[in-house]
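One structure is given below, encoded as structure tokens.
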There are 2 protein chains.
Amino acid sequence: MTTKATLPLVPAASADCDAPKDVYAAACPCRDLLDLLANKWSALALGALEQGPQRFGALRARLQGVSPKVLTQTLRRLEDHGLVDREVFAEVPLRVEYSLTGLGRDACAPLAHLRTWVERNIDRFPAA
Amino acid sequence: MTTKATLPLVPAASADCDAPKDVYAAACPCRDLLDLLANKWSALALGALEQGPQRFGALRARLQGVSPKVLTQTLRRLEDHGLVDREVFAEVPLRVEYSLTGLGRDACAPLAHLRTWVERNIDRFPAA
DNA sequence: GGCTACTAGTTCCTTTTGGGTACTATGGCG
DNA sequence: CGCCATAGTACCCAAAAGGAACTAGTAGCC
């Protein structure tokens, strides 16, 4: 038996998102956005940019352990979604600055809550 | 030239986490925890469980689009970290109930902020 | 001119993860 | 016996994460 037969996983009438603002709906764009923000590197990058515009190298140093490739991907994705701005200065050596947009600044609030909750509650977790 | 020569990515003295509560430190356990919580399915699963204990099938229906494998993975990971409880009832057909621990309940708050922020601000995002 | 250095990436490759579909185990019911 | 249900697991493939090495463009130095 297939999955489809056992459970009506999606109401089926709402393929194009009848309830347009439900992260629990698979087809809702909210899902993609949640996927973007609920992500380790995004949360860290936006938090770093909260303290002002930063260069690529500075972000790389702040987000300890991030590889340049992943950092580029993360920043591009945030840029594509209108959360950060990328500004290139034709200096030498080349300088590129990343900064938050208004939207990005707003998105920082819930992510900051998450980060600080983690830091404040880490001791309550089993050592494993 | 290698990466090591150009940037001291990690202070190197703090391999075992001198500042024990910094999500920006690669070696800090906070990092793993952030990775666990800052995750689409975790955020959705914990949010679903906020409304009371749920069976596997109910969660699967609520988290539209999740496959049984991924749901199992997500729930086990949350269980391993002490965020959810898993209770098996030896009935027939088998019943398994998932519920939040105290820690899990606390973790819901920041995640709920994130989910509702997304739902409330989705319209501000570029259509792309 | 040739060498080095700087920044901000990209490319290539391997490993890990995500994810779907199909299948299993258990037991009641007709 | 065959069928239903639930709660998963097994298997496989594709996508993504991730690391190390390499590139581009320019300036300064010898």
Side-chain angles (χ1 to χ4, degrees), chain A residues 1-10 26 31-32 34-36 38-45 48 53-80 84-99, chain B residues 1-10 26-27 31-32 34-36 38-45 48-49 53-80 84-99:
Chain A
M1 123 193 4
T2 68
T3 295
K4 190 162 71 108
T6 45
L7 269 178
L9 290 178
V10 172
R31 197 48 96 65
D32 297 322
L34 182 65
D35 206 17
L36 172 68
N39 167 288
K40 182 177 53 172
W41 296 126
S42 293
L44 291 173
Q54 311 262 330
R55 309 178 53 168
F56 185 87
L59 286 171
R60 192 179 160 193
R62 179 93 178 97
L63 276 60
Q64 292 178 20
V66 74
S67 74
K69 185 191 121 178
V70 172
L71 182 55
T72 303
Q73 280 177 350
T74 303
L75 291 170
R76 289 278 195 284
R77 215 168 143 215
L78 292 172
E79 191 193 358
D80 291 344
V84 312
D85 269 337
R86 176 175 178 272
E87 192 173 5
V88 180
F89 297 87
E91 304 174 355
V92 99
L94 179 62
R95 186 161 62 101
V96 178
E97 269 193 4
Y98 293 89
S99 57
Chain B
M1 121 194 2
T2 67
T3 295
K4 191 163 71 112
T6 45
L7 267 180
L9 290 179
V10 171
R31 198 47 95 64
D32 298 323
L34 182 66
D35 206 18
L36 172 68
N39 167 286
K40 182 177 55 170
W41 295 126
S42 293
L44 291 174
L49 289 174
Q54 311 262 329
R55 308 178 54 168
F56 185 86
L59 286 171
R60 193 178 159 194
R62 180 94 178 96
L63 276 60
Q64 291 178 20
V66 74
S67 73
K69 187 189 120 176
V70 172
L71 182 55
T72 302
Q73 280 177 352
T74 303
L75 291 170
R76 289 277 194 284
R77 217 168 139 214
L78 292 172
E79 191 192 358
D80 291 345
V84 311
D85 269 338
R86 177 175 178 271
E87 191 172 6
V88 181
F89 297 87
E91 305 173 356
V92 101
L94 179 62
R95 185 160 63 101
V96 177
E97 269 193 5
Y98 293 90
S99 57

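Lettering of chains follows the sequences in order, A, B, ..., and the numbering in each one begins at 1. Side chains are part of it too, since the values below use all heavy atoms of this structure and drop only hydrogens, waters and symmetry mates.
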*Going by the salt bridge (charged side-chain N to carboxylate O under 4.0 Å, His left out) test, which pairs reach into residues 65-78 of chain A, not counting sequence neighbours?*
none
*Reckon B/Trp41 has a side-chain N or O less than 4.0 Å from the OP1 or OP2 of C/dG18?*
no
*If only side-chain N and O atoms of A/Ser67 are considered, is one of them under 4.0 Å from the OP1 or OP2 phosphate oxygen of D/dG18?*
no
*By side chain to side chain contact (heavy atoms under 4.5 Å, CB included), which residues pair with A/Leu94, not counting sequence neighbours?*
A/Val88, A/Val96
_My understanding is that only residues two or more places apart in sequence, or in another chain, count here; which of them pass side chain to side chain contact (heavy atoms under 4.5 Å, CB included) with B/Asp32?_
none
Gap between atoms [atom1] and [atom2], on [X] and [N] respectively (whole Å):
X       : N      : atom1 : atom2 : value
B/Leu75 : C/dG18 : CG    : P     : 14 Å
A/Phe89 : D/dT26 : CZ    : P     : 18 Å
A/Leu63 : D/dG19 : CG    : P     : 13 Å
A/Asn39 : D/dA16 : CG    : P     : 12 Å
B/Asp32 : D/dA17 : CG    : C1'   : 15 Å

*What's the closest nucleotide to the A/Val70 side chain, out of D/dG18, C/dG18, D/dT6?*
D/dG18
_Among D/dG18, D/dA27, C/dC6, the one nearest A/Pro93 by side-chain distance_ = C/dC6
*Using the closest heavy atom to pick a nucleotide of DNA chain D for each, name whichever of A/Val92 or A/Lys40 lands nearer the 5' end.*
A/Lys40
_With nearest nucleotide decided by heavy atoms, which residue, A/Glu91 or A/Arg77, maps closer to the 5′ end of DNA chain D?_
A/Arg77
*What residues form a salt bridge (charged side-chain N to carboxylate O under 4.0 Å, His left out) with A/Arg95, not counting sequence neighbours?*
A/Glu91, A/Glu97
*Can you sort out the partners of B/Asp35 under salt bridge (charged side-chain N to carboxylate O under 4.0 Å, His left out), two or more places apart, ordered by chain and number?*
A/Lys40
Write out a two-atom table: protein N or O, nucleotide N or O from nucleotides 7-13 of chain D, distance below 3.5 Å.
residue : atom : partner : partner atom : Å
D/dA7   : OP1  : B/Arg55 : NE           : 3.0
D/dA7   : OP1  : B/Arg55 : NH2          : 3.2
D/dA7   : OP1  : B/Val96 : N            : 3.3
D/dA7   : OP2  : B/Gly57 : N            : 3.0
D/dG8   : OP1  : B/Arg86 : NE           : 3.4
D/dG8   : OP1  : B/Arg86 : NH2          : 2.4
D/dG8   : OP2  : B/Tyr98 : OH           : 2.8
D/dT9   : OP1  : B/Arg76 : NH2          : 3.3

*What does A/Gln73 touch in the nucleic acid at a heavy-atom separation under 4.0 angstrom: a base, only the sugar-phosphate, or nothing?*
sugar-phosphate
*What closest approach, in Å, do B/Val66 and B/Leu71 show between heavy atoms, and which atom pair accounts for it?*
CG2-N, 3.9 Å
*Work out which heavy atom in B/Leu63 is nearest to a heavy atom in B/Ala48; give both atom names and the distance.*
CD1-CB, 4.1 Å
